[in-house]
A.B. asks: 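Structure in structure tokens, see below.
We count ligands from 1, going down the list as the structure has it; atoms in each ligand are counted the same way.
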Amino acid sequence: MGNPVKLPMKKGFGATDRIDAWWKGPTAMAFYLGFMVVYATWRGFMEADFWIFSEFGLSGGQGGHAGTMAIEDKQSHVLSPLFSPLIIPGEGGLGGPVPEFLWWMSPAMFILIFPAGFRGTCYYYRKAYYRAFLQQPTACAVSKPKLPPWKGYKGETKLLVVQNLHRYFMYVMLAYLPILSFDVWMSINFHEGDSHAYGLTVGSLILLVNVIMLTGYTLGCHAFRHIVGGGSNDWSSSPVARFKYKLWNISTILNEHHKDWALYSLFWVMFADFYVYACTMGWWNDYVLWGGM
Ligand code: FES
């Protein structure tokens, strides 16, 4: 074997022979992801039992919990996807089994760990935030900082082995899709006393688009594509094999645009949450487009 050849790369943080605007992508990503993380954190702490945030829990005008999580003023129930499934610590329903020492937590804190884990370990997002926030690498053929943490290439070893949890987060996200679909169903069911009617609000449509976006993102996941097609060498001998082939095909088509699904679905889930928040605050009105009470 011959000796390895070192490419003649310029040295020094950001030094490169590239003449394109290579820094635009990572910079835009740093702003985009940074904003989304700040927004999700802000919402995640909302309705928590911290004194500093207590005013948020009351600000929705609905009184106490759920004030800023769901639109309730049209006799339908449009729940923000950041709070679904709704686990209110210390109260009935899903919040009942939560141990008392966790009752200070907000409903979103129980939920966000899974979507955050799924996105944080996603192959596409890893590429994006390794560049945008960690300069590891800065970009293709662009020199990294000349400091100890950036010396050499160690790959995803040590703490970063945690990235292997991605497929398990993916399993959880597959379970989320029916839950979020159920929220769409809930949002088109209007109730007042004993009467019931179907209706469609802008909020229902926003939740529906959210489910579609998250489905496209999840089914195009590299781990999902591997699960349905990775170990197969037979696509046709049985109905199960043919079904797996169909699924693998769908996953492949979605996977080709995984970056777009990743970025747009993130925007939409935050937008859906903001829509619910804005309506509960009285800034926007959740218009009934059809039916209702
Ligand atoms: S690789 Fe992106 S969601 Fe799995």
Side-chain angles (χ1 to χ4, degrees), residues 25-26 28-37 39-41 43-44 80-85 108 110-134 136-137 139-140 153-181 183 207-232 243-273:
M29 200 53 64
F31 279 109
Y32 181 69
L33 295 181
F35 177 79
M36 293 303 178
V37 168
Y39 177 81
T41 307
R43 284 291 275 162
S80 158
L82 290 193
F83 294 87
S84 179
F110 290 102
I111 303 306
L112 283 178
I113 180 76
F114 299 108
F118 183 53
R119 288 186 189 267
T121 57
C122 162
Y123 298 4
Y124 168 69
Y125 280 111
R126 272 141 79 176
K127 176 197 164 194
Y129 68 73
Y130 285 168
R131 288 167 196 238
F133 296 122
L134 306 176
Q136 195 66 293
C140 289
Y153 175 73
K154 300 192 187 64
E156 290 178 316
T157 54
K158 297 185 180 165
L159 258 188
L160 289 178
V161 171
V162 79
Q163 302 285 24
N164 289 323
L165 291 176
H166 184 61
R167 80 177 62 174
Y168 301 104
F169 282 121
M170 187 268 295
Y171 295 141
V172 178
M173 287 309 291
L174 287 176
Y176 259 61
L177 297 176
I179 292 173
L180 294 175
S181 305
D183 288 340
L207 291 193
L208 178 64
V209 172
N210 185 51
V211 172
I212 294 170
M213 302 289 284
L214 286 180
T215 303
Y217 175 51
T218 308
L219 299 193
C221 165
H222 294 67
F224 179 80
R225 184 168 174 265
H226 176 75
I227 297 285
V228 294
S232 299
F243 178 66
K244 282 182 76 175
Y245 179 61
K246 275 204 180 105
L247 265 186
W248 177 81
N249 254 330
I250 292 171
S251 183
T252 300
I253 292 167
L254 294 169
N255 185 266
E256 283 168 6
H257 300 281
H258 192 55
K259 171 186 171 181
D260 297 329
W261 287 107
L263 295 180
Y264 296 140
S265 66
L266 178 63
F267 169 80
W268 199 265
V269 76
M270 298 301 171
F271 171 69
D273 174 75

A.B. asks: Between Y176 and L214, does a side chain to side chain contact (heavy atoms under 4.5 Å, CB included) hold up when you go through it step by step?
C.D. replies: CA-CA 9 Å; Y176 259 61; L214 286 180; over 6 Å; no
A.B. asks: Between H166 and F118, how do the two ring planes meet: parallel, tilted or perpendicular, split at 30° and 60°?
C.D. replies: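 If you compare the ring of H166 with that of F118, the planes turn out parallel.
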A.B. asks: With sequence neighbours left out, write down each residue that passes salt bridge (Lys or Arg N to Asp or Glu O under 4.0 Å) with R167, or none if nothing qualifies.
C.D. replies: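 For R167 there are no salt bridge (Lys or Arg N to Asp or Glu O under 4.0 Å) partners, ignoring immediate neighbours.
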A.B. asks: With sequence neighbours excluded, tell me which residues meet salt bridge (Lys or Arg N to Asp or Glu O under 4.0 Å) with E256.
C.D. replies: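 Scan of E256 (salt bridge (Lys or Arg N to Asp or Glu O under 4.0 Å), adjacent residues dropped) gives none.
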A.B. asks: Leaving waters out, which protein N, O or S atoms fall under 2.8 Å from atom 4 (Fe) of ligand 1?
C.D. replies: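 Sorted hits: H166 NE2, C221 SG.
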A.B. asks: Y125: heavy atom below 4.0 Å from ligand 1, yes or no?
C.D. replies: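 No, that is not the case, since the closest heavy atom of the residue is not under 4.0 Å from the ligand.
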A.B. asks: Ignoring hydrogens and angles, tell me if any N or O in the side chain of Y32 forms a donor-acceptor pair with the backbone of L263 under 3.5 Å.
C.D. replies: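 It does hold such a pair.
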A.B. asks: Considering residues at least two apart in sequence or located in another chain, which fulfil the salt bridge (Lys or Arg N to Asp or Glu O under 4.0 Å) criterion with R119?
C.D. replies: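 Once residues adjacent in sequence are excluded, R119 has no partner under the salt bridge (Lys or Arg N to Asp or Glu O under 4.0 Å) criterion.
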